Each structure stands twice: as C-alpha cells, then as structure tokens.
Amino acid sequence: MSSLALILKAKGDNVFGIDKSDFFSSQNKLIDADIKIYEDFNLDNIVEEIDCVIYSTAYENSKIVNQLNDKYTSYSYIDYLSKLTRESKAYGICGTHGKTTTSAATTFALSYKNRKAFPFYSIFGSSLIDKPFVYQGDESLVIEACEYQDHYLKYNLRGAIITSIDFDHPDYFKDETAVLDSFIQLALNISKNGFLILNVDDKNVRELKSVIENAREDLNIISFGFMDNSIFRIQENNLTHSYNVGLTYGDDYKLNYTNRALVNDMVGASILATCILLDREKVELYLDENNIICDEVFTTLFKSSLSSLEYFNGVRGRLELKANYKNIVFIDDYAHHPKEIYTLLQEVKSRYPNRKVFAIFSFHTASRTKALYKDFLNVFLLFDKLIITKTFASARMDVDSDNLDLKFVKDLNKKLLKSFKVRLAAVQYIEDIEEVAPISAAMIEDGDIVISLGASNNDDLYKNIIKELDKR
C-alpha cells in the first residue's frame, strides 16, 4: 500500500492515508514524500476532498471500509492494481519465494544509467535500499504479483517470471498441487504472444513448463537456472566467485549473492528486464554507451542488465544490514517460510563464516506454522541461538489459540535433548515484546550475527537491543 501511495503521488495525485497508530518502517517513506496519515480511522478528522478510496485487503469488510464504500468510488488494493495493469504494459513477478528480491533487482536494472529514460514504474512489497520508489513514466508497469487468494489472476499481464512454486498460504491452498494449479492458471492467462520466464531449478516450475508448452504454443518460454537444460544456464566460477550464464559468450558476472536461489533471482530479473525493454521500439536508447546494438539484441541487453546488478545494493527487509555494533552485526529479513529461512541462513553463513547466528523470530499465521511444523523445527536447529516471540497478529483471523508458539519451543527443546549433532544451543519463548530486547542482549556474545526474522514490526528491535548492550 505504501509503494502504491508513493507512485500515485509521483503521478501527480493528492494522496493521504488512514491507518492505525502503530509505526512501521514503511511510514518513513510516506513522511518524506509529504503524504499525510490520519490515525485510528476517525473519518471526522479528514479535511481533504476524496475522489477515490483504495483499501488494503486486510480491512476488507471492516466497518471503516464499509463506510467509505457507501460514500466514494472505492477499490481494494488488488482491484486497483488490476486497473493499473490495464492502463500500462504490465509484467508480473511471481513465485512462492523470491518475488520481492526479483522485483527490486528488475527495478534496479531498468533504472540504471541510460535506462533512467525508460518510461516505467514498479510496485512491490518493499523498496530499493537507496530509493523509496522508482517512477520514470507509466508506459510500462513491473508488479509483484502474489498468489495468495489467487490475487494475481485478476491482473492483465503481457509477460511474467515464475521464481518458485511451493506449498504456502495453507489458510487458502489445500496442498502443493493446489498451489501449482494456481500458477498454471496464471501462465495460461498471459496475453497472446506474451512471454514466460521460468526458473527450472524448481521441480514444480518444470512441471508447469511441460503443461504450458503444450497448452500455449504462442508464448515465448525462456528457462534459466543451474540445470543443464536451461536456455540461460548458470555456472559458478569457484576461483573468481563469479557466474557465467549461457548465451553470453563466456563473460563472468560478479553478484552480491552466493546462495543459488538468490543468484537465480538476479539472473531472472535480468532476463525479465531484457524482455520488457524488447517489448517496445528503439531499445538502443537504453543501452550503456559502451554497448553496441548488434544482431544478438537479446544477448546484448541481457549482458548489460546482469552487469548492472553488480551495483545492486539490495532491498529493504531482505538481508538488510541494520547496524554493525562493535563486533555484532544486526540484520533484518522478512523470511517467514522454512525454505526462505534456510536460504537466508546459508547466505549469511557465506558472508560471515565461522560466526554464530542468533535469530529472533515471529511466526506469521498459525496455519502456516501447523502446516510446515516439522520443516520449521528442522531449519531452526541450524541456528546457534533462537528466540521465538508471539505469532504476528494477522488480519486473516488466524489466531494462535492453542499456544502454538510455546508448544513449538518445547518440541524444539526436546529435539535438542535427543541430539548432540545440532548447532542450536539455546532457545527461548518470549510472549511480552518488551522483554525481547533485554533478554536478547543478555544472550548476545561478541561476534554474533543477530537476525530479526518474520513479518513482525522489527524496525526498532535492533535499536532497543543496542541500548541494552550499552548498559553492560
């Protein structure tokens, strides 16, 4: 919602918001853009004239939204994005994991150097580290398209990338097959003669590919990944810590990631940026000055896009370095699915070898915890220290009524007692959020990597922990 507000303001609209009083980090971008926020849903305080209301799906059917619907033209967030996909050339970034990182990398590649003239904008669930939003015009739209409740099926997409297909959102999808069926429908909905970019390292994406190749012969399907049969096959050069990608004549590319899932996000973003640029006339306007357009137009553009990502500084809330206090590193990451947590942990261990990793985690929805319970247990055994806080409150009415957090910690402790081969040495459950900082500070040792994980409001957590550390 904050990304959309910033884009509408950049387009010239007068934008203001209504929200609860809790402060989230995304609010800083709105304050900087002079977007006023009315707190606590009191309509009597609003002085602006209203032409249109856009409301978060988290508040669908709430009293405040029903009041606004009765008085004004209104759209849910998803319905308004659907409207935007019909007003611009729209391209979707889809997948159970990796959507936001791929969206940010695509946005960076399309706005780097000469491409600052490319008339596009992007809407995704965070922002670039060094830019609150990117709006260069409205000819094209890059959109993070989420599978939850089949929201992305409402969008009109000329092309899409699928990064991964995994079981998630168990409050909506029955099983992994249901998730796969949803993504297949997404692919079938892409506009005629459009394109589909697929990470074929993922087994479910490979299955989707076999279905779509038979059902949609008009689509241009581009595969990438570390597998041998990928069109854009990725190979790692262990000596130079760089990557070679098929069709690029042996060039090596430096990227800021080592985990294969994150490298795939970078390569996929580069392919998507290339396809978007080729979906218009005069693509030579967006080449770097030292690149010469040739018969291999796709390869030329792709090489330029991937080379630019050496300078990609990342995305807010994804492996985001929050502070380096003395010899203690603080990182924040939205990862809330076991596979995402595992990917994050492997990347952190690669960047900070031989250092202990301390996670502070809040589950996001009890239904996800129950559905992926064993996977959560196994992935957290790989950390050195762990604090579990109360499940993050969700608008999905997915209440942790069975003390699931406490049960999880007890089961994790049982596993620790039965095995001497796990890394995890300490785990605690803390229900009172005010106690997290002092207890965390007491557990932290010199050299620790401290990661705040999950969907909770972690913006001030590391600051409060540092305050406690200063008391030592």
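In this chain, residues are counted from 1 in sequence order. All values below were derived from every heavy atom in this structure, side-chain atoms included, with hydrogens, water molecules and symmetry-related copies excluded. All of these numbers come straight from a predicted model, not from anything done at the bench.
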For the ring pair F167 and F173, is the centre-to-centre distance below 6.0 Å?
no
Which residues pass the side-chain contact (heavy atoms from CB on, under 4.5 Å) test with E435, not counting sequence neighbours?
I430, D432, P438, I439
Please check this pair: side chain of E347 against backbone of T258, looking for a donor-acceptor N/O pair closer than 3.5 Å.
yes
N259 CG to R351 CZ distance, which is reported to the nearest 0.5 Å
10.0 Å
Hey, what's the ring geometry for H364 with Y334, parallel, tilted or perpendicular (30° and 60° as the breaks)?
tilted
Between D279 and R158, is there a salt bridge with N-O shorter than 4.0 Å?
yes
Is the shortest distance from a Lys or Arg side-chain nitrogen in E176 or K203 to a carboxylate oxygen in the other one below 4.0 Å?
yes
Whether E144 side chain and G125 backbone form a donor-acceptor pair below 3.5 Å:
yes
Examine distances only and state if a side-chain atom of R318 and a backbone atom of G314 form a donor-acceptor pair shorter than 3.5 Å.
no
Between D201 and N264, does any side-chain donor sit less than 3.5 Å from a side-chain acceptor?
yes
Would K11 and Y121 count as a side-chain contact (heavy atoms from CB on, under 4.5 Å) if you check the C-alpha gap in whole Å, the side-chain angles of each, and the deciding distance to 0.1 Å?
CA-CA 10 Å; K11 283 185 170 208; Y121 66 103; 3.7 Å; yes
Y77 and Y55: CA distance, side-chain angles, deciding distance, ring pair (Phe, Tyr, Trp, His ring centres under 6.0 Å) verdict
CA-CA 6 Å; Y77 172 74; Y55 58 88; over 10 Å; no
Can you name the closest pair of heavy atoms from K209 and L198 and give their distance?
CB-CD1, 3.6 Å
Is it true that K407 and D411 make a salt bridge, defined as a side-chain N closer than 4.0 Å to a carboxylate O?
yes
So, E310 versus N256: side-chain donor-acceptor pair below 3.5 Å or not?
no
Non-hydrogen side-chain atoms of K29 and L6 separated by less than 4.5 Å
yes
For T274 and S270, indicate whether the former's side chain and the latter's backbone hold a donor-acceptor pair under 3.5 Å.
yes
D332 vs S452, side-chain hydrogen bond (donor to acceptor under 3.5 Å, both in side chains): CA-CA, chis, key distance, verdict:
CA-CA 5 Å; D332 183 53; S452 51; 2.6 Å; yes
Euclidean distance, Y59 OH relative to D19 CG, rounded to 0.5 Å:
5.0 Å
Is there a side-chain contact (heavy atoms from CB on, under 4.5 Å) between I360 and I465? Walk through the geometry before answering.
CA-CA 11 Å; I360 304 168; I465 295 175; 3.8 Å; yes
Does Y72 have more than 12 heavy atoms from other residues, nucleotides or ligands lying within 6.0 Å of its OH?
yes
I331/K322 under side-chain contact (heavy atoms from CB on, under 4.5 Å): CA gap, chis, key distance, verdict:
CA-CA 5 Å; I331 292 171; K322 284 292 191 180; over 6 Å; no
Aromatic ring proximity, centroids under 6.0 angstrom, F120 and Y91
no
Looking only at side chains, do S82 and R86 share a donor and an acceptor under 3.5 Å apart?
yes
Run the side-chain contact (heavy atoms from CB on, under 4.5 Å) check on L186 and C94 step by step: do they pass?
CA-CA 9 Å; L186 165 81; C94 320; 3.5 Å; yes
Gap separating the SG atom of C275 from the CG atom of N220, nearest 0.5 angstrom
6.5 Å
Test item: Q428 side-chain N/O and S440 main-chain N/O as donor-acceptor pair under 3.5 Å
no
Can a donor-acceptor pair be found between the side chains of R115 and S304 at a distance below 3.5 Å?
yes
Is the backbone N or O of D460 less than 3.5 Å from a side-chain atom of N464, with the two atoms forming a donor-acceptor pair by type?
yes
Tell me, yes or no, whether the heavy-atom count around E48 atom CD, taken from other residues, nucleotides or ligands under 6.0 Å, exceeds 12.
yes
Heavy-atom pair with the smallest gap, counting every atom of I129 and R316:
O-NH2, 2.8 Å
How about D168 and T96: does a side-chain donor come under 3.5 Å of a side-chain acceptor?
no
Between K83 and E87, does at least one N-O distance fall below 4.0 Å, as a salt bridge requires?
yes
Looking at residues at least two apart in the chain, or sitting in another chain, which of them share a side-chain contact (heavy atoms from CB on, under 4.5 Å) with Q27?
F23, I31, I37
In Å and rounded to the nearest 0.5 Å, what is the CG to OH distance from L8 to Y135?
9.5 Å
Quick one: pull up CG in L377 and CG in L372 and give me the separation to the nearest 0.5 Å.
11.0 Å
Looking only at the aromatic ring of each residue, does the gap between the centers of Y112 and F118 stay below 6.0 angstrom?
no
Do F361 and F363 have ring centres separated by under 6.0 Å?
yes
How long is the span from the CD1 atom in I64 to the CD atom in Q67, to the nearest 0.5 Å?
5.0 Å
Does A90 offer a backbone N or O that forms a donor-acceptor pair with the side chain of T85 under 3.5 Å?
no
Can you confirm if the aromatic rings of Y152 and Y155 lie within a centre distance of less than 6.0 Å?
no
Check: I7 and I123 side chains under 4.5 Å, non-hydrogen atoms:
yes
So with a 6.0 Å cut-off around CG of D34, is the heavy-atom count from everything else above 12?
no
Hey, are D181 and Q185 close enough side-chain-wise for a donor-acceptor pair under 3.5 Å?
no
Would you check if F380 and V409 make a side-chain contact, meaning some heavy-atom pair closer than 4.5 Å?
no
I would like to know whether K20 and E39 meet salt bridge (Lys or Arg N to Asp or Glu O under 4.0 Å); could you show each step before the answer?
CA-CA 5 Å; K20 58 184 181 180; E39 295 182 352; over 6 Å; no
T389 versus S362, closest heavy-atom pair with distance:
OG1-CB, 3.3 Å
Please answer whether the main-chain N or O of G194 pairs with a side-chain N or O of S191 as donor and acceptor at a distance below 3.5 Å.
no
With under 30° as parallel and over 60° as perpendicular, where do the rings of F330 and Y462 fit, or are they tilted in between?
tilted
Is it true that atom OH of Y342 has more than 12 heavy atoms of other residues, nucleotides or ligands lying nearer than 6.0 Å?
no
Is the number of heavy atoms from other residues, nucleotides or ligands within 6.0 Å of NZ (K131) greater than 12?
yes
Side chains of L386 and F358, heavy atoms from C-beta outward: is any pair under 4.5 Å?
no
Just checking, any donor-acceptor pair under 3.5 angstrom between side chains of Y148 and D171?
yes
Heavy-atom pair with the smallest gap, counting every atom of I161 and A269:
CD1-N, 4.3 Å
Donor-acceptor under 3.5 Å (D202 side chain, S164 main chain)
no
Counting N and O atoms only, with roles assigned by atom type, does the side chain of D150 sit under 3.5 Å from a partner on the main chain of L153, one being a donor and the other an acceptor?
no
Working for side-chain hydrogen bond (donor to acceptor under 3.5 Å, both in side chains), residues N199 and T163
CA-CA 5 Å; N199 171 20; T163 61; over 6 Å; no
